[in-house]
*Asks:* 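The structure under discussion is supplied below as structure tokens; questions concerning it will follow.
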Amino acid sequence: MEDMLFYDRMQFAFTITFHYLFPQLTMGLSLMIVYFKWKFLRSKLEKYNEAAKFWMRIFALNFAMGVVTGIPMEFQFGTNWAKFSELTGGIIGQTLAMEGMFSFFLESSFLGLFLFGEKLLGHKLHFVTGLMVFLGSWASGFLIIATHSWMQFPVGYEILENGKFVLNNFSALFSNPWLWPSYLHNQLASVITSSFVVAAIGAFYILNNKHSEFGKLFVKTGVVFGLISSILVAFPTGDMVAKNVVKYQPVTFAAMEGIFETEQGGSEIVLIGQPNMLEKKLDNKIAVPNILSFLTYQDWNAEIKGLNEFDAKDYPTNVPGLYYSYHIMVGLGTIFIALMLVATVQLFRKKLYKTKWILWSLLFMLPFPYIANTTGWYTSELGRQPWLVYNLLRTSEGASPTVSSGNTLFTLLGFIGLYLLLGLLFLMLVGKIINKGPHIIKH
Amino acid sequence: MELFWYIVLVTMLAIYVVLDGYDFGAGIVHLFFAKKEKDKKAITSAIGPFWDANEVWLIAAGGVLFFAFPTLYASSFSGFYLPLIMILWLLIFRAIGLELRGQVHNSLWELIWDKAFGIASLLLALFFGVALGNVVRGVNLGMVENGVSTQEAHYFFLPLWNASFSPQAEQLGIIDWFTLFLGVVSVVALTIHGANWIIFKTNSSINEKLKKTVFILNFVLLALVVVSLLVWHIIEPDPFHNFIKYPLMWIFPIITFVGLFGLFKVRTFKKHGMGFLFSSLFLLGGLSSTVASIFPKLLPSTNDLNPSLTLNNVAAHDYGLSVGMNWFFIALVLVIFYMVIQYRVFKGKMDDVGYGEH
Ligand code: HDD
Ligand code: HEM
Ligand code: HEM
């Protein structure tokens with residue numbers, strides 16, 4: 001039973017991590033494409049239209065990957081987590097079915113039009129189709145996060161005698177206090193990804209002395225979007241989600257921050273340190289006193305509960321994993337703000353395109369928003385363990401009863417092989433598009 | 001209420017089969033009939049802007065199944081674990097075959113993705129037929145062995161096949177001669193359907209040949225349908241009980257045969273799309289007749305110990321189902337609106353529209 005669950009979890013973790021590499025760019029990039037197209041409509045400068053079209057090409061490939069890796073996600077609730085689906089399907093099936101009906105149809109119908117319809121539709125309608133794709137992908141994110149929020153903080157339900165969760169208040173699903181902060185935080189984080197990608201490709205063109213006109217446009221747009229979203233992701237939204245965790249999942253918060261003992265007179269904030277689960281302390285700690293209490297409660301001396309106050313069987317299953325994920329996300333978030341701030345200053349001093357080290361940093365930053373997003377999700381998911389539905393249904397009670405570990409291992413290996421192939425092909429083709437670069441066709 | 005969602009679910013699946021069915025069929029035609037580059041291109045452009053939206057019907061139907069009939073979703077998805085995951089892999093291969101082929105101009109690259117697209121389409125058509133076969137044949141719910149359930153009454157697990165390949169063995173497999181037979185019916189039917197779509201949406205040079213092929217395949221299909229009705233008696237001793245009980249249901253087989261006979265006129269149709277219309281009718285009718293014949297069962301049990309999964313014992317709770325109706329109607333209107341726009345913008349022959357040259 002134990003290791004049967006292990007492969008189910010590995011498979012879910014692997015496939016969702018891979019899936020989410022794509023939507024995070026899609027959601028952010030659709031916003032930026034709409035922006036470019038809008039600039040074109042206002043200014044009639046062909047370069048904005050071509051910028052929109054160039055990013056569309058990357059978007060299309062990325063979207064296709066999101067679709068093919070998304071379908072297995074939806075199936076896996078039934079294939080691998082049958083018990084969970086049976087018990088909670090009446091509730092989370094609701095939001096997932098809405099996602100299919102409201103957002104996937106919207107996205108997929110209009111994406112075809114957006115990709116192939118420019119000549120048939122004219123620029124104004126083409127802009128509208130782009131807007132629809134954007135709306136569809138953000139609606140998709142919303143409904144997924146609504147589902148996820150219910151697992152973190154269940155609302156509007158009732159449990160029947162046979163253990164089934166049934167919905168008794170539909171609107172509660174959408175006024176869930178967990179939902180809105182999470183959604184905003186997550187969407188801003190995906191705007192970060194797209195800004196960094198756009199800026200990195202721009203920096204690449206400038207440094208390479210190829211397509212540098214577009215390079216400048218991309219760097220500028222990426223930096224401005226990047227600064228705004230990096231700040232907003234930390235404050236207010238990062239702060240808001242963290243407060244939700246303190247309030248509703250205090251044991252998770254203690255593990256995230258690496259607090260083993262409740263401290264009288266205010267908690268310190270840990271900058272560096274390795275959780276030692278044997279001795280229940282942090283090794284090699286560097287910390288600043290009282291800051292954490294202030295950040296959480298706006299009170300330097302507020303008490304924050306440590307892990308010692310909770311029953312060990314309710315600890316998040318993987319405390320070190322949770323602690324590192326959280327610190328990596330927050331650490332990267334701080335670096336993003338710093339870099340984008342410097343870049344913006346240089347932009348205003350009109351020196352950005354000549355400041356080599358910033359361009360190089362922008363280029364090398366490309367993978368890091370992906371890491372921050374992934375570790376952010378790990379914070380959230382590892383923090384929820386050992387529960388599937390927080391405090392109500394344990395992960396060990398959710399797996400499919402009849403699927404043996406041999407079968408899950410087989411399919412996990414299959415997914416790993418297939419996704420490696422997909423990943424390679426994707427990189428190769430994106431590389432090709434980038435190498436070819438944007439170009440204005442003279443009619 | 002359950003009945004409403006049941007009708008919604010079957011309708012969505014039927015729409016899925018008609019829409020993604022022409023994609024699969026086009027893939028099969030692509031594999032066997034398209035030799036010239038120009039024809040291959042015509043075929044892929046005839047499905048290019050549509051396949052993704054077509055596949056959404058599967059995802060959305062899956063979502064509705066999850067939400068309205070969670071117990072059925074849980075039981076069948078875990079029970080059919082292996083074939084479902086393989087269907088997923090095939091869908092992935094098919095999609096990347098279609099999307100990546102045109103990205104690099106190299107004959108080896110094109111060959112690989114052409115084959116990936118064609119073979120995955122063929123296998124998917126086969127698998128969906130097999131899946132339908134499994135649903136009507138039923139499964140060993142509760143995994144009964146020697147008269148005792150080894151699992152909860154509504155769970156099961158099927159291996160891909162069982163040494164006997166018989167649909168009447170105590171230990172069943174996904175593939176037996178009955179389900180495989182339905183798989184073949186599905187391949188033939190979808191090939192016809194896909195060919196009709198290509199005839200409808202392109203000017204390719206194989207259209208005339210396809211009309212002849214459809215004509216011949218239609219005889220094969222008719223024969224297969226007759227045989228499957230006979231075979232059906234072996235599995236279900238009283239296959240027409242529902243039609244006797246609810247005479248209104250005769251409408252489904254009637255639609256099937258209208259579609260089937262209409263197709264014989266394929267060579268003389270003057271109006272574009274008539275062939276496609278009739279093959280759609282055949283698919284809609286065929287699927288709904290099959291499902292109607294086991295109504296109200298959704299997944300029959302092959303043992304006497306555990307009851308079949310029916311409309312009433314797998315549905316979600318009433319409140320959820322009734323609020324669902326509100327958003328569902330709004331969403332449905334929107335979806336129809338999108339589809340109208342999409343098919344209007346891309347009306348006419350796709351190789352004239354110049355799809356794919358961006
Ligand atoms: C570029 C990505 C990125 C960056 C820079 C940050 N985050 Fe984040 N964070 C995410 C991307 C993310 C995410 C992937 O989007 C998550 C996962 C679930 C969610 O809704 O958002 C998330 C979750 C998440 C959670 C867990 C919520 C839960 O348990 O569900 C907390 C407490 C924070 N974030 C807090 C912060 C703080 C204080 C940051 C300050 C710098 C920060 N995040 C930067
Ligand atoms: C893209 C973002 C996501 C990432 C990176 C992610 C990551 C993970 C990881 C790493 C696990 C394994 C945790 C463990 O077993 O210790 C997991 C489990 C799971 N997640 Fe997520 N997740 C994401 C989004 C979601 C969403 C949106 C949902 C719900 C709709 C969800 C539902 C689940 C379920 C059902 C499990 C399996 C049970 C479990 O092991 O906890 N996840 N996820
Ligand atoms: C376990 C959770 C998840 C499931 C079941 C799931 C399911 C799916 C499915 C079926 C698709 C394909 C849709 C199509 O055909 O158009 C898809 C794509 C997409 N998903 Fe997920 N997904 C999950 C996690 C996430 C998360 C966490 C997000 C973002 C917050 C997200 C955002 C998107 C978006 C924006 C798309 C559109 C395609 C793309 O942008 O690449 N998904 N997802």
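First the proteins, then the strands, lettered A, B, ... as listed; each starts at 1.
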*Asks:* Checking A:Ser109 side chain against B:Gln342 main chain: does a donor-acceptor pair fall under 3.5 Å?
*Replies:*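 Not at all, since once roles are kept as given, no pair shorter than 3.5 Å links the two residues.
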
*Asks:* Taking atom CD of A:Glu86 and atom OG1 of B:Thr71, what is their separation to the nearest 0.5 Å?
*Replies:*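 Going from the CD atom of A:Glu86 to the OG1 atom of B:Thr71 covers 4.5 Å.
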
*Asks:* What donor-acceptor contacts under 3.5 angstrom involve side-chain atoms of residues 78-90 of chain B, with partners at least two apart or in another chain?
*Replies:*
unit_1	atom_1	unit_2	atom_2	d
B:Ser78	OG	B:Ala74	O	2.8
B:Ser78	OG	B:Ser75	O	3.4
B:Tyr81	OH	A:Asn80	ND2	3.3
B:Tyr81	OH	A:Thr411	OG1	2.8

*Asks:* Determine all donor-acceptor pairs shorter than 3.5 Å in which one atom belongs to a side chain in residues 321-338 of chain B; sequence neighbours excluded.
*Replies:*
unit_1	atom_1	unit_2	atom_2	d
B:Ser322	OG	B:Asp318	O	3.3
B:Ser322	OG	B:Tyr319	O	3.1
B:Trp327	NE1	A:Gln94	OE1	2.8

*Asks:* Taking all heavy atoms of B:Phe66 and all of A:Ser85, pick out the closest pair and write down the distance.
*Replies:*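 Closest pair (atom of B:Phe66, atom of A:Ser85, distance): CE1-CB, 3.5 Å.
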
*Asks:* Taking every heavy-atom pair that is under 4.5 Å apart, which of B:Phe50, B:Phe67, B:Trp57 has the most such pairs with chain A?
*Replies:*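 Most pairs with chain A among the choices: B:Phe67.
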
*Asks:* Quick check on A:Leu422 against chain B: is it the side chain, the backbone, both or neither that has a heavy atom closer than 4.5 Å?
*Replies:*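 The side chain, not the backbone.
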
*Asks:* Between B:Phe77 and A:Phe77, does a side chain to side chain contact (heavy atoms under 4.5 Å, CB included) hold up when you go through it step by step?
*Replies:* CA-CA 9 Å; B:Phe77 274 45; A:Phe77 286 114; over 6 Å; no

*Asks:* Checking A:Met428 against chain B: side chain, backbone, both or neither under 4.5 Å from a heavy atom?
*Replies:*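 It is the side chain, since no backbone atom gets that close.
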
*Asks:* Give the member of A:Thr79, A:Leu418, A:Leu167 that has the highest number of heavy-atom pairs under 4.5 Å with chain B.
*Replies:*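 Maximum pair count with chain B is reached by A:Thr79.
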
*Asks:* Roughly how far, to the nearest 0.5 Å, is CD1 of A:Ile71 from CD1 of B:Ile59?
*Replies:*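 That separation rounds to 4.0 Å.
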
*Asks:* State, with a plain yes or no, whether a side-chain heavy atom of A:Tyr419 is found less than 4.5 Å away from one of B:Ile92.
*Replies:*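 A:Tyr419 reaches B:Ile92 side chain to side chain.
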
*Asks:* Tell me, side chain or backbone of B:Phe69 under 4.5 Å from chain A's heavy atoms, or both, or neither?
*Replies:*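 Neither part.
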
*Asks:* Step by step, would you call A:Phe426 with B:Ile96 a side chain to side chain contact (heavy atoms under 4.5 Å, CB included)?
*Replies:* CA-CA 10 Å; A:Phe426 174 76; B:Ile96 59 176; over 6 Å; no

*Asks:* As an exercise, state the distance from CE of B:Met12 to CE of A:Met101, rounded to the nearest 0.5 Å.
*Replies:*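 Rounded to the nearest 0.5 Å, the CE-CE separation comes out at 4.5 Å.
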
*Asks:* Could you look at B:Leu65 and say if it's the side chain, the backbone, both or neither that has a heavy atom under 4.5 Å from chain A?
*Replies:*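 For B:Leu65, there is no contact with chain A at all, as no heavy atom is under 4.5 Å.
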
*Asks:* So what's closer than 4.5 Å to chain B heavy atoms on A:Lys83: side chain, backbone, both or neither?
*Replies:*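 Contact with chain B: backbone and side chain both.
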
*Asks:* Name the member of B:Ile341, B:Leu91, B:Val104, B:Val64 that forms the most heavy-atom pairs with chain A at distances under 4.5 Å.
*Replies:*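 Highest number of heavy-atom pairs under 4.5 Å: B:Val104.
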
*Asks:* Going from CG on A:Leu429 to CD on B:Glu99, what distance comes out if it is rounded to the nearest 0.5 angstrom?
*Replies:*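 It is 10.5 Å, given to the nearest 0.5 Å.
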
*Asks:* Can you confirm whether B:Trp109 is buried at CH2, in the sense that more than 12 heavy atoms of other residues, nucleotides or ligands lie under 6.0 Å from that atom?
*Replies:*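 Yes - once you tally the heavy atoms of other residues, nucleotides and ligands closer than 6.0 Å, there are more than 12.
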
*Asks:* Quick one: of A:Gly112, A:Ala60, A:Ala82, who has the most non-hydrogen atom pairs under 4.5 Å with chain B?
*Replies:*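 Most heavy-atom pairs under 4.5 Å with chain B: A:Ala82.
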
*Asks:* State, yes or no, whether a side-chain contact exists between A:Val67 and B:Val56 at a heavy-atom distance under 4.5 Å.
*Replies:*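 Side chain of A:Val67 against side chain of B:Val56, heavy atoms only: no contact under 4.5 Å found.
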
*Asks:* Using heavy-atom distances under 4.5 Å, tell me whether B:Met339 contacts chain A through its side chain, its backbone, both, or neither.
*Replies:*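 Looking at B:Met339, nothing touches chain A.
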
*Asks:* Among A:Gly90, A:Ala97, A:Gly100, which residue has the highest count of heavy-atom pairs closer than 4.5 Å to chain B?
*Replies:*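 The answer is A:Ala97.
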
